[in-house]
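These notes are about the structure you will find just below.
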Amino acid sequence: MLKLKVNNIDIEVEEGLTVLQACEKAGVEIPRFCYHEKLSIAGNCRMCLVEMEKSPKPVASCAMPAAEGMNIKTNTAFVEKARKGVMEFLLANHPLDCPVCDQGGECDLQDQSMFYGVDKSRFKENKRSVPEKNMGPLIKTQMTRCIHCTRCVRFATEIAGVPELGAIGRGEDMQITTYLEQSMQSELSANVVDLCPVGALTSKPYVFEARPWELKKTETIDVMDAIGSNIRVDTYDWEVKRVLPIINEDINEEWISDKTRYACDGLLNQRLDQPFIKYNGKFEKASWEEVYKIIKSKFENTSKEKVCGFVGDLTNMETSYIFKEFFDRTLESQNYESRSNNRFLDTSKRENYLFNSTINGIEESDLIFLIGANPRYEATILNARIRKSYLNNNTRILSLNDLGDLTYPYESLDGQTQTLKDIFDGGHDLSKAILSANKPIIILGESLLDSSSSKYFFNKIKKFLLQNKKVSQEWNPLNILSCDASTVGSFDLGIINQNKNLLEDLQKNKFDIVYLIGQDNLNFDKKDEFIIYQGSHGDRGAEIADIIFPGSAYTEQDGYFTNLEGKLQKAYKASYPPGEAKEDWQIINELAELMNNRKLFNDKEELESSMLNYLNLQKEKQDNESNNDTKIDENEFNNETLKVNVKDYYFSNVIARSSKTMIECNNSKIILKSTGTEG
C-alpha cells in the first residue's frame with residue numbers, strides 16, 4: 001500500500017493506481033472529459049489538473065501514477081486557475097447551441113463549465129466548423145461540438161474491436177471520423193453516445209424527442225438476448241423513448257448492444273391491442289367475454305391429449321409458471337414445451353443448461369473453445385468479455401467452425417464432428433491443451449445441441465471433463481450458450497416435455513388445440529388445428545391464429561427472467577399495455593376462473609411466491625441427487641460437418657422485427673456487404 005496526502009488528509013491506496021483514482025478514494029471529485037475507467041488513459045483533455053508538491057506545473061492526475069509520499073492538492077487557487085484556462089480553450093471553438101442540443105441536461109461540458117467556465121470570451125477569431133460524418137443509422141454527429149477527448153476512438157478500438165474511428169489532421173484541423181465515411185460495423189457501436197461527454201455524438205433515433213428531466217426512469221432487465229443486461233427504460237407519457245445501460249460489473253459492465261438500445265421503437269408498432277377472432281380467414285374485433293367463452297367450449301369439447309401449449313422466447317417466468325399450472329391443474333395435461341426446435345436438453349442437473357463459468361469467469365479463463373456458437377451475434381455482451389479476456393490475458397481462443405470476424409483473433413478447425421470426437425477421445429493436440437489449461441471454457445451453442453449428434457457430444461464432453469477432474473466446486477468449464485431471454489427460466493420451471501416429442505406431433509398435425517404464448521418461431525403447416533395466440537405483437541404466431549389475446553411486452557409488466565448463467569433478475573413495469581391488452585398472467589388466470597369457477601392465484605404476489613417456492617424446491621431436489629453418470633452410445637455419433645445457424649441478428653424476436661431502426665440497421669449492413677466494404 002502507498003501512503004500519500006490529498007488535501008492534507010493522509011490516505012493509503014494500492015499500488016498501480018493513478019493520482020485521479022487516489023483522489024477519488026479520498027472522496028475528492030476530479031473533473032474529467034477524456035478519462036474513463038474502462039478505457040486506456042489518453043491524458044488529452046487536461047481538465048483533471050491538480051497541484052503536486054515540488055512540481056512547478058499542474059499535473060494531469062489521470063496519467064500520473066500515484067507514488068509514496070506524494071502531497072496532492074485539488075482545491076487551491078492555482079488548480080482552479082489552471083482548470084479555468086483549460087475550459088476556456090475547450091469552449092473556444094464550441095458552438096453556442098445548448099438549447100437545440102440533445103445532450104442538454106446531461107452534458108459533462110455544461111456541468112463543468114458551470115464551475116470552471118467564464119461569462120466572456122477573449123477569443124476574437126472565428127470559431128471553426130467541422131463537417132458532419134456518416135456513422136450509420138444509430139449515431140447522429142455534430143462534430144463542431146467535438147472536444148477531441150477520443151473516448152469514442154478508444155471504445156471502438158479496445159472494447160468493440162472495430163478500429164474504424166480515428167483522428168485525421170493536426171492541431172486546429174484535427175477531426176474525429178470513420179475513415180471510410182461508413183457506419184460502424186459493431187453491435188456495440190451506440191455505446192459511444194453514452195461515452196461522448198459533449199453533444200458531438202448523439203442518438204439518431206432519439207433526436208429532438210424529449211429532455212432528460214421530462215422522462216420517467218425505470219430500472220429493469222433487457223430481453224433481447226439471454227445475457228440479462230441491466231437497463232434503464234425512459235418513458236414519456238407511457239411511450240418508451242430510449243433505453244440506457246445500468247452498471248452491473250457481473251453481467252454487462254456498463255455496455256449494452258445496439259439491439260437492446262434501439263429495438264424499443266418496435267414496442268409501438270404492430271401491437272395487438274384488442275382480442276380478435278378469425279371468421280372466414282379474416283380477423284374481426286371481439287370482446288374478452290366472447291373469446292373466453294369460445295375457448296372454454298373448445299377446451300371442454302376436446303380431449304386433453306389433443307391440447308398442447310408452447311411458451312415463447314420473451315415470456316417472463318410468472319407467465320410461464322401460471323401457464324404450466326393452467327395445463328397441470330385446469331386442463332390436467334402435461335403437453336407443454338418451451339423449445340421451438342428439437343435441440344438436446346438434459347434437465348437432470350441445472351448445470352446441464354447453464355453458462356457455468358459465468359460471464360465474469362470469462363476474464364479468468366486461459367482457453368476458450370467455441371463449439372457450434374457465434375457469440376458475436378448470439379450474445380454480444382458476452383463476446384465483448386471474451387475480447388477483454390483476450391486483450392488482458394492473451395487467452396487462447398478456438399472455434400470448431402470458421403465464424404468470420406468475432407472482433408478478436410481465434411484459431412478455427414475444420415468444422416467436422418469427427419475432429420470434435422478426436423478431441424474429446426483424447427487423441428488430438430487440443431485435448432492436451434484443454435487438460436493443461438487452469439481454467440478452460442468450453443461453450444456449446446444451440447447449433448451443436450440441434451445437430452444429430454447433440455446427445456452424444458454433450459455426454460462425451462461432460463464425461464471427458466469429469467474424468468480428467470476439470471470440474472470442481474470453484475470451476476465448471478462446460479457452458480451452454482442460450483440465445484433467448486426466457487430459455488433458462490422455462491427450463492428451471494420444467495416447461496419441457498421429455499416423454500413426448502411435441503414438436504414432432506405438431507408437425508404431424510396430431511393436436512386439435514394449440515395454445516401459443518408469445519411463440520412466433522414454430523415451423524409447421526397448419527391444417528385443422530384451432531390456434532390460440534397470446535402475445536404483444538402481430539407477428540408470425542398471430543398470423544396463423546384463430547383467436548388472439550392481446551398481451552403485454554416486457555416493459556409493460558413486472559416479471560422475473562433468469563439469464564444464461566442462472567441469475568434470477570426482475571424486470572419492472574415502465575409503461576402500460578395499449579388499448580384493451582392485459583398482463584399475460586392475468587389473461588390465463590381469468591381463463592382458468594371461467595373454466596373452474598376459481599382463480600389459479602388471487603393476485604400477482606401469490607403467483608410470485610408460489611413460483612419462487614417451486615424454484616427452491618427444485619433446487620433442493622437436485623442438490624440431494626448426485627447423479628453424474630453419463631452414458632455414451634457410440635451409435636448416436638454422426639460424422640458430418642457442423643453448421644452454425646444464427647438467427648438474423650436485427651430480426652431475432654417480435655419486438656426487433658417491428659422496429660424501424662432495426663430495419664435501417666439491417667439495410668445499412670446489406671449495403672456494406674454489396675459494396676464489399678464490410679469489416
Side-chain angles (χ1 to χ4, degrees), residues 155-164 184-189 225-227 253 255 257 355-424 428-449 451 457 461 464-465 470 475 477-483 564-565 641-647 649 678-679:
F155 172 82
T157 307
E158 295 162 19
I159 310 288
V162 286
E164 296 169 351
M184 278 176 69
Q185 288 310 290
S186 167
E187 292 69 40
L188 292 166
S189 65
D225 54 29
I227 296 293
E253 297 182 288
W255 320 121
S257 69
F355 196 91
N356 296 296
S357 303
T358 71
I359 298 169
N360 252 345
I362 291 170
E363 293 182 37
E364 300 170 36
S365 170
D366 47 356
L367 183 141
I368 297 171
F369 186 19
L370 304 168
I371 308 170
N374 185 330
R376 178 170 179 179
Y377 298 111
E378 292 177 328
T380 307
I381 298 296
L382 186 136
N383 195 60
R385 284 292 179 118
I386 297 176
R387 175 172 168 78
K388 188 179 179 184
S389 179
Y390 166 76
L391 290 176
N392 294 348
N393 311 328
N394 202 19
T395 305
R396 186 182 177 191
I397 303 163
L398 304 108
S399 171
L400 183 66
N401 297 72
D402 183 355
L403 302 168
D405 182 14
L406 288 180
T407 73
Y408 42 80
Y410 63 96
E411 303 163 42
S412 61
L413 308 179
D414 56 9
Q416 299 298 314
T417 53
Q418 183 62 52
T419 307
L420 202 55
K421 184 176 187 294
D422 294 343
I423 292 167
F424 293 103
H428 195 278
D429 293 342
L430 188 50
S431 317
K432 295 174 193 141
I434 293 169
L435 294 178
S436 59
N438 289 326
K439 290 188 171 180
I441 286 181
I442 293 161
I443 299 176
L444 309 184
E446 290 186 357
S447 295
L448 175 76
L449 300 177
S451 70
F457 279 119
I461 294 166
F464 174 84
L465 295 170
K470 300 308 286 183
W475 190 259
L478 186 63
N479 299 285
I480 305 299
L481 183 62
S482 304
C483 297
L564 50 73
E565 58 183 350
T641 304
L642 182 67
K643 288 188 174 66
V644 181
N645 300 311
V646 180
K647 285 182 189 175
Y649 179 75
E678 189 186 18

Going by heavy atoms in the side chains, are [X] and [Y] under 4.5 Å from each other?
{"X": "Thr417", "Y": "Ser451", "result": "no"}
{"X": "Asp225", "Y": "Leu382", "result": "no"}
{"X": "Lys388", "Y": "Asn393", "result": "no"}
{"X": "Leu444", "Y": "Phe457", "result": "no"}
{"X": "Ser257", "Y": "Tyr649", "result": "yes"}
{"X": "Leu398", "Y": "Leu367", "result": "yes"}
{"X": "Tyr410", "Y": "Leu370", "result": "no"}

Just by modelled atom types, is the [Y] backbone N or O under 3.5 Å from a matching donor or acceptor in the [X] side chain?
{"X": "Lys470", "Y": "Ala437", "value": "yes"}
{"X": "Glu164", "Y": "Gln185", "value": "yes"}
{"X": "Arg385", "Y": "Ile362", "value": "no"}
{"X": "Arg376", "Y": "Asp405", "value": "yes"}
{"X": "Asn438", "Y": "Asp366", "value": "no"}
{"X": "Arg396", "Y": "Phe369", "value": "no"}
{"X": "Glu446", "Y": "Cys483", "value": "yes"}

Rounded to the nearest 0.5 Å, what separation is found between the [atom1] atom of [X] and the [atom2] atom of [Y]?
{"X": "Asn645", "Y": "Glu378", "atom1": "CG", "atom2": "CD", "answer": "9.5 Å"}
{"X": "Lys647", "Y": "Asn374", "atom1": "NZ", "atom2": "CG", "answer": "14.0 Å"}
{"X": "Leu188", "Y": "Phe155", "atom1": "CG", "atom2": "CZ", "answer": "5.0 Å"}
{"X": "Ile359", "Y": "Glu363", "atom1": "CD1", "atom2": "CD", "answer": "10.5 Å"}
{"X": "Ile443", "Y": "Ile480", "atom1": "CD1", "atom2": "CD1", "answer": "10.0 Å"}
{"X": "Glu253", "Y": "Ile381", "atom1": "CD", "atom2": "CD1", "answer": "8.5 Å"}

Minimum heavy-atom separation for [X] to [Y], with atom names?
{"X": "Asn479", "Y": "Asn356", "value": "OD1-N, 2.7 Å"}
{"X": "Tyr408", "Y": "Ile397", "value": "CD1-CD1, 3.6 Å"}
{"X": "Ser412", "Y": "Asn401", "value": "CB-O, 3.7 Å"}
{"X": "Pro440", "Y": "Pro477", "value": "O-CB, 3.1 Å"}
{"X": "Ser447", "Y": "Gly372", "value": "CB-O, 3.3 Å"}
{"X": "Asp422", "Y": "Ser431", "value": "O-OG, 3.9 Å"}

Carefully, step by step, assess Leu448 and Leu400 under the rule side chain to side chain contact (heavy atoms under 4.5 Å, CB included). CA-CA 10 Å; Leu448 175 76; Leu400 183 66; 5.8 Å; no
Applying the side chain to side chain contact (heavy atoms under 4.5 Å, CB included) test to Ile423, which of Leu430, Ile371, Ile442 qualifies?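 For Ile423, the side chain to side chain contact (heavy atoms under 4.5 Å, CB included) check succeeds only for Leu430.
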Does a donor on one side chain sit under 3.5 Å from an acceptor on the other, for Tyr377 and Asn383?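 On atom types as modelled, these side chains do not qualify, holding no pair under 3.5 Å.
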Would you say Ser389 and Thr395 are linked by a side-chain donor-acceptor pair, where the criterion is simply a distance under 3.5 Å?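 Present: a donor and an acceptor within the cut-off.
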May I ask you to decide if the ring planes of Phe424 and Phe464 are parallel, tilted or perpendicular, using 30° and 60° as cut-offs?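 Phe424 and Phe464: perpendicular rings.
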